[in-house]
Chemist: 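Please find one structure pasted underneath; my questions will follow.
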There are 2 protein chains.
Amino acid sequence: MTTPLTTHLPHEKMPYLLRRGEGKRYLFGNQVATIIADAASTGQMLSAVVIGGAKGESFPLHTHTAAYESIYVLEGRVQFIIGSESYMLLPGDYAHIVPGTAHAYQMLGHRNRFISYSIGADLTAIYPLLGEVHEPIEYLPYSSHRVTDQQRQLVEQQTDIRFAKEDTIFPQQYELVSNAELPSAAISYVLESGEGVRLLTGDQVHRLLATQATTDGEYIVVASDGPKGDEIISHYHEHHTETFFCTQGHMTMWANEQEIKLFPGDFLHVPAGTVHSYRLEDHFTKVVGVLASGLFEPFFRLLGDPYEHYMFPSEPGAARIDRLMEHIDQLDLKIVGPPNAHAK
Amino acid sequence: MTTPLTTHLPHEKMPYLLRRGEGKRYLFGNQVATIIADAASTGQMLSAVVIGGAKGESFPLHTHTAAYESIYVLEGRVQFIIGSESYMLLPGDYAHIVPGTAHAYQMLGHRNRFISYSIGADLTAIYPLLGEVHEPIEYLPYSSHRVTDQQRQLVEQQTDIRFAKEDTIFPQQYELVSNAELPSAAISYVLESGEGVRLLTGDQVHRLLATQATTDGEYIVVASDGPKGDEIISHYHEHHTETFFCTQGHMTMWANEQEIKLFPGDFLHVPAGTVHSYRLEDHFTKVVGVLASGLFEPFFRLLGDPYEHYMFPSEPGAARIDRLMEHIDQLDLKIVGPPNAHAK
């Protein structure tokens, strides 16, 4: 019954684990796109790519017709043009880009990494067309690779991207991200690291970075942090896909009876039907989740209470299991057993 | 012969390992000072404290008479006043503060952490006087602790700190750190993440962030990164102390026949006489070392060649063992054996 968890990008929808750096890698300019989720591996639910690159590397102004893009910065300093704004995004900052908003980026740190999720169209299809297969995990000291006009045309023909006609000019000026509020409609926005709709459940703070309201119900983004704690209940979902990308500390996860330790950069794909649970293991552990569709948002709002602070409490607050159980029939949540129910 | 490695801050000079968060912790305001090295535990060689805190927390303008301070930012956004300049330091940025330079900081991210090393006087003695013993690892959601004038006076009497008479006013304006050059004298400066005197040895890039020239020979700071690689030779030093603070990825270290895995935030103290070696284990592993005194600087310059790039190469460059062996008698280096000589 217990088969080892897949540890490569599969071509069918199934649970899988990718360690930091694993996935399909493409070099374009001196950036490496590491595809960690695509349409085939998630059953069209979502896609994700980690982009790493050197100072001065950029991507020109473009729009998507169908794709929502969610960007979470992992390292460095990345200037983003989003609509008419120019921002410097730093680690933990989030950018939400809806279809039709022109955007571009330029890397300004000596080492830069961000994760880009796309929902509604598979933006990871861009990179095999723009770049070349790249064996090393990291980008290069120096790269002579250049994207050609022909490649850009091909990408426009085959993927959900339209490049701006004019050359991209990155303003000398930029704002550090300070926004703290999510809009109530599906428009583009940025959020400062630590911001989001904060909900305390026990000893963990969940932050909604994108909600059904900002994604037309397509997905939600949840950044959660907490101290070393207890395992959550073992459960599965019938409809929605979950993904876990660890950014700080480390955590233990269980997925279909496999026990896995996630460290920063590790990614776990948990489609519907996969029994799973987790336990945070470090004094400060952080994990970014993208859940598609967005139907599970009420779970976080029922279980958690709004939290005015930013750091989790030294003593756990209440988790509103009562409220959760009252509405369990309306949630895509099947509880399998108490913590450690998977242990044999 | 093999005794387990000490895993708390000892009161005598000896090798020890502190996992992230371990050490002596003090709360002041809503900042936690975690002392990971002090005069007693290092035989007066150096001291080190990790400071973590919430947005808006600050430390007023002050100077040191004897202490050099080396600051390496781990997380968040921290505004520093250094002399007449106002900077925003980001993760990986470095500040070098010599005796007599007035400085102050203010935390502007929602979560901020930096490590402060002091050499020449033990600045960690400040925190037991300013703060209260703190049991949790992290700072608090909200803290009512306030430092009193009486405490500040006591700190001035008993430690190497003099507070400015006037109130500290943090300018609204600040520069992001872009400096790339070390001065050739012991003056205060900052360095952008990734900068420093870069030396390639094999597949690792060593960056000198502070040199004998900038510390009057008291110590050097070396930030090193590389891919998963081979173990270095097993060796010890007769005179200088080394410290290893892992900031990214993970590495295996051997110290006095103990094998240890270092993850981000873990700290290893390796005084003279301790046989040690290491191996980088992650695709991108980074470790910050402070070595006191600074006499080992020629080792890095002999073994490594100046490196114009910022990312380590995909194929290892040469390590100039020939040059090293030619000058081995002038280095504080005792080679014990090839890699794995410690294995039994």
Side-chain angles (χ1 to χ4, degrees), chain A residues 19-22 30 32 52-55 75-77 88 90-93 108-113 134-143 174 176-178 180 192-195 200 205 207 225-228 248-250 263-265 282-284 286 307-315 317, chain B residues 19-22 30 32 52-55 75-77 88 90-93 108-113 134-143 174 176-178 180 192-195 200 205 207 225-228 248-250 263-265 282-284 286 307-315 317:
Chain A
R19 295 286 174 200
R20 195 183 87 68
E22 292 173 357
N30 200 9
V32 173
K55 184 175 277 202
E75 191 173 351
R77 314 173 178 181
M88 174 80 91
L90 303 176
D93 289 345
L108 296 182
H110 279 300
R111 178 174 162 79
N112 312 274
R113 284 188 309 132
H134 187 62
E135 196 55 42
I137 301 291
E138 296 292 341
Y139 58 90
L140 301 171
Y142 170 81
S143 167
Y174 46 76
L176 293 189
V177 174
S178 62
E192 180 182 343
S193 180
E195 297 292 357
L200 179 68
V205 180
R207 290 168 169 82
D225 53 50
K228 189 173 172 57
Q248 280 184 266
H250 75 285
F263 290 91
D282 193 84
H283 301 304
F284 187 94
K286 188 164 185 176
Y307 188 60
E308 64 173 313
H309 303 298
Y310 291 86
M311 172 58 76
F312 49 72
S314 303
E315 298 296 328
Chain B
R19 294 286 175 200
R20 196 184 87 69
E22 291 173 357
N30 199 10
V32 173
K55 183 174 276 203
E75 191 174 351
R77 314 173 180 181
M88 174 80 92
L90 303 177
D93 288 346
L108 296 182
H110 278 301
R111 178 174 163 79
N112 311 275
R113 283 187 309 132
H134 188 63
E135 195 54 43
I137 302 289
E138 296 291 341
Y139 57 90
L140 301 171
Y142 170 81
S143 166
Y174 46 76
L176 294 188
V177 174
S178 62
E192 180 181 343
S193 181
E195 297 291 358
L200 180 68
V205 180
R207 289 169 170 83
D225 52 51
K228 188 173 173 61
Q248 280 184 266
H250 75 285
F263 290 91
D282 194 82
H283 301 303
F284 187 95
K286 188 164 185 176
Y307 188 60
E308 65 173 313
H309 304 298
Y310 291 86
M311 172 58 77
F312 49 72
S314 303
E315 298 297 327

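Order of the sequence lines fixes the chain letters, A, B, ..., with proteins taken first and strands second; residue numbering starts at 1 for each chain. Since we're looking at a predicted model, the values are computed, not measured.
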Chemist: Where on Pro313(B) is there a heavy atom nearer than 4.5 Å to chain A: the side chain, the backbone, both, or neither?
Modeler: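 Both the backbone and the side chain of Pro313(B) come within 4.5 Å of chain A.
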
Chemist: Using ring-ring contact (aromatic ring centres under 6.0 Å, His included) as the criterion, list what pairs up with His110(A), not counting sequence neighbours.
Modeler: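 Per chain and number, His110(A) pairs via ring-ring contact (aromatic ring centres under 6.0 Å, His included) with Tyr310(B).
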
Chemist: Atom NZ of Lys55(B) and atom OG of Ser193(A): how far apart are they, to the nearest 0.5 Å?
Modeler: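 Going from the NZ atom of Lys55(B) to the OG atom of Ser193(A) covers 9.0 Å.
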
Chemist: Working to the nearest 0.5 angstrom, can you tell me the gap between Asp93(B) CG and Leu176(B) CG?
Modeler: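 So the gap between those two atoms works out to 8.0 Å.
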
Chemist: Which heavy-atom pair separates Gly249(A) from Pro264(A) by the least distance, and what is that distance?
Modeler: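 Shortest heavy-atom separation between Gly249(A) and Pro264(A) comes out as O-CD, 3.1 Å.
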
Chemist: Against chain B, label Asp225(A) side chain, backbone, both or neither, depending on which of its atoms sit under 4.5 Å from a heavy atom there.
Modeler: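 The answer is neither part of Asp225(A).
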
Chemist: What part of Arg20(A) gets closer than 4.5 Å to chain B, counting heavy atoms only: side chain, backbone, both or neither?
Modeler: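 The answer is both parts of Arg20(A).
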
Chemist: Show, in sequence, the C-alpha distance, side-chain angles and deciding distance for His134(A) and Leu140(A), and conclude whether the side-chain contact (heavy atoms from CB on, under 4.5 Å) test is met.
Modeler: CA-CA 10 Å; His134(A) 187 62; Leu140(A) 301 171; 3.7 Å; yes

Chemist: Between Phe263(A) and chain B, with a heavy-atom cut-off of 4.5 Å, which part of the residue counts as in contact: side chain, backbone, both or neither?
Modeler: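 The side chain, not the backbone.
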
Chemist: Please look at Phe312(B) and chain A and tell me whether the side chain, the backbone, both or neither of the residue comes under 4.5 angstrom of a heavy atom of that chain.
Modeler: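 It is both, since atoms from each part get that close.
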
Chemist: With a 4.5 angstrom heavy-atom cut-off, could you sort out which part of Leu90(A) is near chain B: side chain, backbone, both or neither?
Modeler: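 Looking at Leu90(A), just its side chain touches chain B.
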
Chemist: Let's test your reading of the structure: which of Glu308(A), Glu195(A), Glu192(A) forms the most heavy-atom pairs below 4.5 Å with chain B?
Modeler: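 Ranked by contacts with chain B, first place is Glu192(A).
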
Chemist: Under 6.0 Å from the six-membered ring centre of Phe284(B) and within 45° of its axis: does the NZ or CZ of Arg113(A) meet both?
Modeler: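 Not satisfied by the 6.0 Å and 45° rule.
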
Chemist: Relative to chain A, which of Leu108(B), Asn30(B), Val177(B) shows the most heavy atom pairs under 4.5 Å?
Modeler: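 It is Val177(B).
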
Chemist: Under a 4.5 Å heavy-atom cutoff, which of His250(B), Arg77(B), Met88(B), Gln248(B) has the most pairs with chain A?
Modeler: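 Heavy-atom pair counts peak at Arg77(B).
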
Chemist: Identify which of Glu135(B), Arg19(B), Glu75(B) forms the greatest number of heavy-atom pairs closer than 4.5 Å to chain A.
Modeler: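 Between Glu135(B), Arg19(B), Glu75(B), the count favours Glu75(B).
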
Chemist: Mind checking the CZ-CE spacing from Arg111(B) to Met311(A)? Nearest 0.5 Å is all I need.
Modeler: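 Interatomic distance, Arg111(B) CZ to Met311(A) CE, rounded to 0.5 Å: 4.5 Å.
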
